[in-house]
Number of protein chains: 2
Amino acid sequence: MSEPAQQTPAATPGNTPGKRVNRREEILRAAADVFASQGFHNASLADIAATLGITPAGVLHHFGSKTDLLTAVLELRDSADPPPKGRRFLDHLVDTAERNAARPGTTRLYAVLSAESVTEGHPAQDWFRHRYAELRADVEAAVVDRLDPGAAVPAADGVPEAARPTREAAAAILAVMDGLQVQWLLDPDAVDMAAVTRLVADALVTHLAGTGDGPAAGPGAADRTA
Amino acid sequence: MSEPAQQTPAATPGNTPGKRVNRREEILRAAADVFASQGFHNASLADIAATLGITPAGVLHHFGSKTDLLTAVLELRDSADPPPKGRRFLDHLVDTAERNAARPGTTRLYAVLSAESVTEGHPAQDWFRHRYAELRADVEAAVVDRLDPGAAVPAADGVPEAARPTREAAAAILAVMDGLQVQWLLDPDAVDMAAVTRLVADALVTHLAGTGDGPAAGPGAADRTA
DNA sequence: GTCTATAAATTGATAGAC
DNA sequence: GTCTATCAATTTATAGAC
């Protein structure tokens, strides 16, 4: 899921370097824009091709099918710098919410595609399923570490993962971020994505600490960090 | 937003009562199913018509256009019994999450359509924008009432609505519910929608009570109710 | 009132020119 | 390697039969 499957031709022989860097990437950017505006199903190859002044078939030369194009667009994200693991991951999420408010296009891309992916036979279904599973684990690790600095996520202790309070908190934090995006995209003045994300993270950590779940961790410590 | 715009012919003259109650409603149910499975844009009138054994044009006779059909499907929800206002509204949300887990079709319908509605020129955009605005107000009223039983939501006191902690909590609770639906639809065993919704509602109420926001309200009171 | 036949436009994708 | 001409299938919607 992390390795870019498609080879990125560092400098295609017939390409004048500096004149046109990479046609594939131009198409990728155009496709990301159009998918963000229209969703995957409603977007047409013609829309994407028109952005670049070519025909739909021109796009399909570089990517075998519309589905392949979507896959490549999603894989783009994995190119970015890796997020911090552990305690700092929660702050990173709040930062992400803040940055998302400055780039509606990218925000809409993932908001629309993630929800669209639950439709029958959607090509991005596996990608998002795995992505959420991974993120839930990462966020849980961050929550556990904040409750009890240095601790690791406890192994299976009888109850299923989904029922573990720290895992529930992780699912909740991710869910808030996603849900806020839709509300914000519909009405940017109605919600502050970063502020609400921070509020929920703080509230959950405080709550779990008070419930007697984490071994120690005073309420104050958890309160101030996110 | 509450009144059904389309007239519901109580008993069309030429209709044998009891044999076929209402062709419109049959189409509406079929459309809801297909929109839930495919989303609005990807769904075709042919898919809907096939369910009933007729042609696409047969569907368009009852509803002037595909968009009108979507509008009618969304308006269906307003027919249900009205949810409780005030304090009990939070419990109602948890109940809703639990019921949603038993009807994936309806859950998917709103999860897919709400996110799809943020795409450019989507016909359901206004509907969802208004829906969220209304829900945020209702949920905030419930949160306020739980923090300080009997109290009402304070009028504008300088800070914008979106920045008021109780309003932020309301947006958060709705966002969690929406985000959880996507995670759950992708992987039903990974999350318990009702449990996590309750967790977040409790955590937020406790947190706001502790922050010194609500006038009084002991932590214990808020803890036990949701 | 209920619906089929039909049209006009658009879709993703193949085959092949340059 | 880059892309256009072209195709077969599917789209929403109109006009009109019953």
Side-chain angles (χ1 to χ4, degrees), chain A residues 6-17 19-28 30-31 34-35 37-73 116 119-124, chain B residues 6-28 30-31 34-35 37-73 116 119 121-124:
Chain A
Q6 268 85 6
Q7 72 284 22
T8 315
T12 310
N15 248 356
T16 312
K19 195 183 176 199
R20 179 199 286 169
V21 192
N22 197 341
R23 193 55 160 164
R24 271 183 67 97
E25 286 193 9
E26 288 181 355
I27 295 176
L28 233 44
V34 174
F35 287 157
S37 301
Q38 324 254 23
F40 170 69
H41 278 134
N42 190 46
S44 72
L45 294 175
D47 293 334
I48 297 165
T51 303
L52 302 156
I54 60 178
T55 63
V59 173
L60 285 178
H61 162 70
H62 298 270
F63 303 87
S65 71
K66 192 187 176 189
T67 294
D68 285 359
L69 182 54
L70 172 64
T71 303
V73 166
E116 192 179 10
T119 57
E120 254 154 38
H122 195 285
Chain B
Q6 268 83 6
Q7 71 286 20
T8 313
T12 309
N15 248 357
T16 313
K19 193 184 177 200
R20 178 201 286 172
V21 192
N22 197 341
R23 194 54 161 163
R24 270 182 69 97
E25 285 193 10
E26 288 181 356
I27 295 177
L28 234 42
V34 174
F35 287 157
S37 301
Q38 324 252 24
F40 170 70
H41 279 134
N42 191 44
S44 72
L45 294 174
D47 294 333
I48 297 164
T51 303
L52 302 156
I54 60 179
T55 62
V59 173
L60 284 179
H61 163 70
H62 298 270
F63 303 86
S65 71
K66 193 188 175 190
T67 293
D68 283 0
L69 181 53
L70 172 64
T71 302
V73 165
E116 193 179 9
T119 57
H122 195 287

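Residue numbers begin at 1 in each chain, while the letters A, B, ... track the order of the sequences.
Gln38(B) contributes no side-chain N or O that, together with a main-chain N or O of Ser44(B), makes up a donor-acceptor pair within less than 3.5 Å. Glu26(B) places no side-chain N or O within donor-acceptor distance of the main-chain N or O of Leu52(B), the cut-off being under 3.5 Å.
Between the P atom of dT11(D) and the NZ atom of Lys66(B) lies a distance of 9 Å, rounded to the nearest Å. Between the CZ atom of Phe63(B) and the C1' atom of dC3(C) there is a distance of 14 Å, rounded to whole Å. As rounded to whole Å, 13 Å separates atom P of dT11(C) from atom CG of Leu60(A). In this structure, His41(A) places its NE2 atom 12 Å from C1' of dG12(C), rounding to the nearest Å. The distance from atom CG of Asn42(B) to atom P of dT10(C) is 18 Å, rounded to the nearest whole Å.
Taking the side-chain hydrogen bond (donor to acceptor under 3.5 Å, both in side chains) definition, one finds that His122(B) meets it with nothing, sequence neighbours left out.
Comparing atom distances between the Ala57(B) side chain and each of dT4(C), dT12(D), dT14(C) picks out dT4(C) as nearest.
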### Query
Going through the distances and angles, do Asn42(B) and Phe40(A) end up as a side chain to side chain contact (heavy atoms under 4.5 Å, CB included)?
CA-CA 9 Å; Asn42(B) 191 44; Phe40(A) 170 69; over 6 Å; no

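Phosphate contact (OP1/OP2 of dC3(C), side-chain N/O of Arg23(B), threshold under 4.0 Å): present. In terms of phosphate contacts, His62(B) brings a side-chain nitrogen or oxygen within less than 4.0 Å of OP1 or OP2 of dC3(C).
Heavy-atom minimum distance, Thr119(B) versus Gly39(A): CG2-N, 3.8 Å.
A donor atom on one side chain and an acceptor atom on the other are not found under 3.5 Å apart for Thr71(B) and Asp68(B).
Residues from residues 45-56 of chain B that place a heavy atom under 4.0 Å from any atom of DNA chain C, listed by number: Ile54(B), Thr55(B).
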